[in-house]
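Side-chain atoms are counted along with the backbone in the values below, which use heavy atoms only and exclude waters and symmetry mates. Residue numbers begin at 1 in each chain, while the letters A, B, ... track the order of the sequences.
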Amino acid sequence: MTRLNFEILHWYEINKRNLPWRNTKNPYFVWLSEIILQQTRVDQGLPYYEKFIAQYPTIFDLAKASEKNILKDWQGLGYYSRARNLHYTAKKIVQSYHGIFPSTFDEILLLKGIGRYTAAAIASFCFDEQIAVLDGNVYRLLSRIFDIDLPVNVSKNQVEFEKIANEFLDKTNPGNFNQAMMEFGALQCKPVSPNCSSCPLRIYCLSYKNETVAFRPVKLKKQKIRKRFFIYWVLEKDGNVLLRRRLENDIWKMLYEFPSSEFPNQKEQENFVSRFLQFPQKTFKHILSHQHITATFIAIEDVSGFSFPDSDWIASESISDFPMHRLMTRYLEQRNH
DNA sequence: AATGCGGGGGT
DNA sequence: ACCCCAGCATT
């Protein structure tokens, strides 16, 4: 145990948040929490975790649920493939493992929806395996402590970071140390304006010494944002509304929405919309990490002789039974006012 | 090795 | 406008 390890563990004992998945070694609970927390802040994921634990107390409950209901409970959290893989893996563990969660990194890694981070987290938290987790917090913390200028988002460098992380790992209690590393990154060694002035690692931190804290971790380029232009048809007839499910390999796969059309650019969308000014319209700008969507909802009451393939009439009052994406719920919230 | 996948919060 | 978040699957 180095002085650095000790300082991190000491800081953790004093500053750690009391989170429900920290009070258990049940791999089902830990797995569920880790899937929810992938690319998701604790504050955002916590209510979903509580809901899933209440709704599906065991992996058997999750396995026998319908994908539709699981997606419904996941609604609003994003990255919906997480929910589909969660369901797939629950069924897999019940059918092939008699409901017993595999207990080693190598076995856990084979499960769908579980990569190197999540496998290491479950193996170390639940089964005390000596393997370091490597998430955004740990990349940042290691980059700063050792002033590493290797880009963290280049897969070749992942091997090097894993080597460093596993050497750094406190082998006496790997699960606790892994959580301490992530908590330290999340609360103390924050991405922007880290709290160096009160940092117990300051005297050991090479990037602090070299005044490169603000430039660590190094990341290569940024992804380009795609702009998209949608029309949504809100078609109603006899208290029913037309709904369809997105089956394409695209955003919001398997979620429900109104029938839609897409346009290649803003001009074509505006030209089209302008032909329907006699109907109520509402336009939303919806921001995803990787796409900026402009969507115009056109409401036509009592349509007749209008039909869309691959869509179905749904009773208006039961629309909330269907898992939908955030753009849909934004429209529905606005419409109810 | 590079790209796509949500939504919320921060600066 | 840009970054970040308890990453992963696909190509």
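Taking the 5' to 3' direction, DNA chain C first and last meets chain A under 4.0 angstrom from a heavy atom at dC3(C) to dA9(C).
A salt bridge links R228(A) to D250(A): at least one charged side-chain nitrogen sits closer than 4.0 Å to a carboxylate oxygen. In summary, K237(A) and E301(A) do not engage in a salt bridge, as defined by a charged side-chain N under 4.0 Å from a carboxylate O.
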Go along nucleotides 3-11 of chain B 5' to 3' and tag each nucleotide: B for a protein heavy atom under 4.0 Å from its base, S when only backbone or sugar atoms are that close, - otherwise. S-BBBBB--
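Of the residues in residues 150-161 of chain A, those with a non-hydrogen atom less than 4.0 angstrom from any atom of DNA chain B are S155(A), K156(A). Taking a 4.0 Å limit (strictly below) on heavy-atom distances, residues 120-129 of chain A does not reach DNA chain B anywhere. For the segment residues 110-118 of chain A, residues with any heavy atom less than 4.0 angstrom from an atom of DNA chain C are, sorted by number, L111(A), K112(A), G113(A), I114(A), G115(A), R116(A), Y117(A), T118(A).
Contacts of W74(A) with the nucleic acid, taken as non-hydrogen atoms under 4.0 Å apart, are absent. Using a 4.0 Å heavy-atom cutoff across all strands shown, R17(A) reaches no nucleic acid atom at all.
Listed here is the closest heavy atom pair of Q188(A) and C199(A): NE2-CA, 3.4 Å.
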Under a 3.5 Å cutoff on both atom distances, Watson-Crick or G-U, what's the dot-bracket for DNA chain B ([ ] crossing, | other strand)? |||||.|||||
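Listed by chain and number, the residues in a side-chain hydrogen bond (donor to acceptor under 3.5 Å, both in side chains) with K253(A) are N249(A) (sequence neighbours excluded). Y49(A) is linked by a ring pair (Phe, Tyr, Trp, His ring centres under 6.0 Å) to W21(A), counting only residues two or more places apart in sequence or in another chain. Here K91(A) pairs with nothing under the salt bridge (charged side-chain N to carboxylate O under 4.0 Å, His left out) rule; sequence neighbours left out. Checked against salt bridge (charged side-chain N to carboxylate O under 4.0 Å, His left out), R144(A) has no partners two or more places apart in sequence or in another chain. Under the ring pair (Phe, Tyr, Trp, His ring centres under 6.0 Å) criterion, F284(A) pairs with F297(A), not counting sequence neighbours.
Residue pairs meeting the side-chain hydrogen bond (donor to acceptor under 3.5 Å, both in side chains) criterion with at least one partner in residues 28-38 of chain A, sequence neighbours excluded, are E34(A)-Y117(A), Q38(A)-T118(A).
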